[in-house]
Visitor: 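The structure follows.
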There are 2 protein chains.
Amino acid sequence: MTIEGRMASIHEPRMHSMCGHDPQEAEMFRSILSRIGDKWSVMLVGMLHEGPLRFTELKQMTSGISAKMLAHTLRQLERDGLVEREIFAEIPPRVVYRSTPLGKSLAVPIMAVAEWASAHQAEIAGNRDRYDAVPDSGA
Amino acid sequence: MTIEGRMASIHEPRMHSMCGHDPQEAEMFRSILSRIGDKWSVMLVGMLHEGPLRFTELKQMTSGISAKMLAHTLRQLERDGLVEREIFAEIPPRVVYRSTPLGKSLAVPIMAVAEWASAHQAEIAGNRDRYDAVPDSGA
DNA sequence: TAACCGGGTTACGTTCACGTAACCGGGGGT
DNA sequence: ACCCCCGGTTACGTGAACGTAACCCGGTTA
């Protein structure tokens with residue numbers, strides 16, 4: 001390993017940890033990232049992070065989501081153990097969703113990405129515009 | 001705001017920052033998250049983080065990727081300014097891809113998510129198995 | 001009786017991510 | 001002459017993600 005390589009390994013994260021490895025771990029890793037990349041999961045985790053909410057409350061707060069996607073996304077989150085579903089056997093019955101400790105722990109790195117995205121969104125938008133404006137790239 | 005609410009707002013990230021806002025910013029945010037959630041981007045950013053690589057080198061290192069998806073993903077990354085493409089006008093011509101400073105800065109929060117995923121993957125896998133084993137959920 | 005709400009489910013269609021396979025153009029190896 | 005390498009592009013097909021609209025059941029309201 002070169003001097004530069006050694007210095008880099010001290011100051012830089014070892015990104016390679018998420019590529020090689022055994023294929024099963026890579027698949028797992030991918031599926032977690034996919035959840036972060038999907039349209040509603042991060043938003044829902046964010047809302048539930050601040051307190052439990054009912055299905056209809058989530059639907060109203062999350063402008064644009066359909067009942068189908070809300071139910072589906074909540075099932076996925078529940079399957080992963082990021083969210084809990086509680087049914088109150090009352091009349092009328094009531095359902096609340098709440099973030100689990102695992103879900104809350106995910107909020108931390110998610111926020112890091114969110115802050116990066118927020119900090120660089122203008123730069124990325126500019127890059128995109130510039131790239132799309134170059135004739136031999138965009139068209 | 002309640003006492004609990006105030007204390008929470010001190011200790012916990014304000015996830016709400018990524019939901020409301022204006023729709024254009026939300027769209028931008030979503031598109032960045034999608035890139036993180038897609039199948040190859042994170043892996044490629046990780047590889048290029050450690051040094052520039054040629055198309056064929058990336059293809060060989062990234063087991064399973066097709067030339068099409070590699071080219072496509074690299075174009076997207078290049079469009080966003082996360083990766084640079086350099087063509088050496090030699091004979092034979094040579095193309096190298098390298099991470100930009102923006103790309104390297106993304107590696108930091110990505111690593112935080114990667115470490116979270118690595119730390120909790122067994123727990124999530126267990127949650128998934130348990131959920132899928134319950135007859136009224138999985139089937 | 002009719003209409004509405006809560007918490008969904010089902011059917012259906014579209015778009016997009018991703019995969020496979022074939023092709024291409026210039027150069028080099030044998 | 002022939003095929004391979006590099007760096008892709010193009011055509012085509014599949015399944016997943018996402019959207020809309022309709023429906024459902026038990027209970028309450030008017």
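Letters A, B, ... are given to chains in the order of the sequence lines, protein chains preceding strands, and every chain is numbered from 1.
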Visitor: May I ask you to evaluate whether B/R94 reaches the phosphate of C/dG26, defined as a side-chain N or O under 4.0 Å from OP1 or OP2?
Guide: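 Checking C/dG26 against B/R94, no side-chain N or O comes under 4.0 Å of OP1 or OP2.
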Visitor: Respond yes when some side-chain nitrogen or oxygen of B/Y97 is under 4.0 Å from OP1 or OP2 of D/dG8, and no when none is.
Guide: yes
Visitor: Hey, does the side chain of A/S66 come within less than 4.0 Å of D/dT20's phosphate (OP1/OP2), counting only N and O?
Guide: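 Negative; the distance criterion is not met.
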Visitor: Is the closest basic N to carboxylate O distance between A/E27 and A/R30 below 4.0 Å?
Guide: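 Salt bridge: no.
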Visitor: The side chain of B/R85 lies closest to which of these nucleotides: D/dC18, D/dC6, D/dG8?
Guide: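 Among D/dC18, D/dC6, D/dG8, the one nearest the side chain of B/R85 is D/dG8.
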Visitor: Are any of B/R75's side-chain N or O atoms less than 4.0 Å away from OP1 or OP2 of D/dT9?
Guide: yes
Visitor: Which whole-number value in Å describes the distance from A/I91 CD1 to C/dG7 P?
Guide: 14 Å
Visitor: What's the closest nucleotide to the side chain of A/W40 if the choices are C/dT9, C/dC18, D/dG19?
Guide: D/dG19
Visitor: Think A/K39 has a side-chain N or O under 4.0 angstrom from the OP1 or OP2 of D/dG19?
Guide: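 Answer yes for this pair, as a side-chain N or O of A/K39 is under 4.0 Å from OP1 or OP2.
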Visitor: Are A/T62 and A/W40 close enough that a side-chain donor and a side-chain acceptor fall under 3.5 Å?
Guide: no
Visitor: Give the dot-bracket string for DNA chain D, reading 5' to 3', where a pair is Watson-Crick or G-U wobble with both distances under 3.5 Å, ( ) marks pairs inside the strand, [ ] marks pairs crossing earlier ones, | marks a partner on another strand, and . marks unpaired.
Guide: ||||||||||||||||||||||||||||||
Visitor: Name the closest nucleotide to the B/T56 side chain, picking from D/dC6, D/dG8, C/dC12.
Guide: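 Minimum distance to the B/T56 side chain belongs to D/dC6.
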Visitor: Any base atoms under 4.0 Å from A/L70, or only sugar-phosphate, or nothing? Heavy atoms, all strands.
Guide: nothing
Visitor: Respond yes when some side-chain nitrogen or oxygen of B/R35 is under 4.0 Å from OP1 or OP2 of C/dA17, and no when none is.
Guide: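 Looking at the OP1 and OP2 atoms of C/dA17, neither is under 4.0 Å from any side-chain N or O of B/R35.
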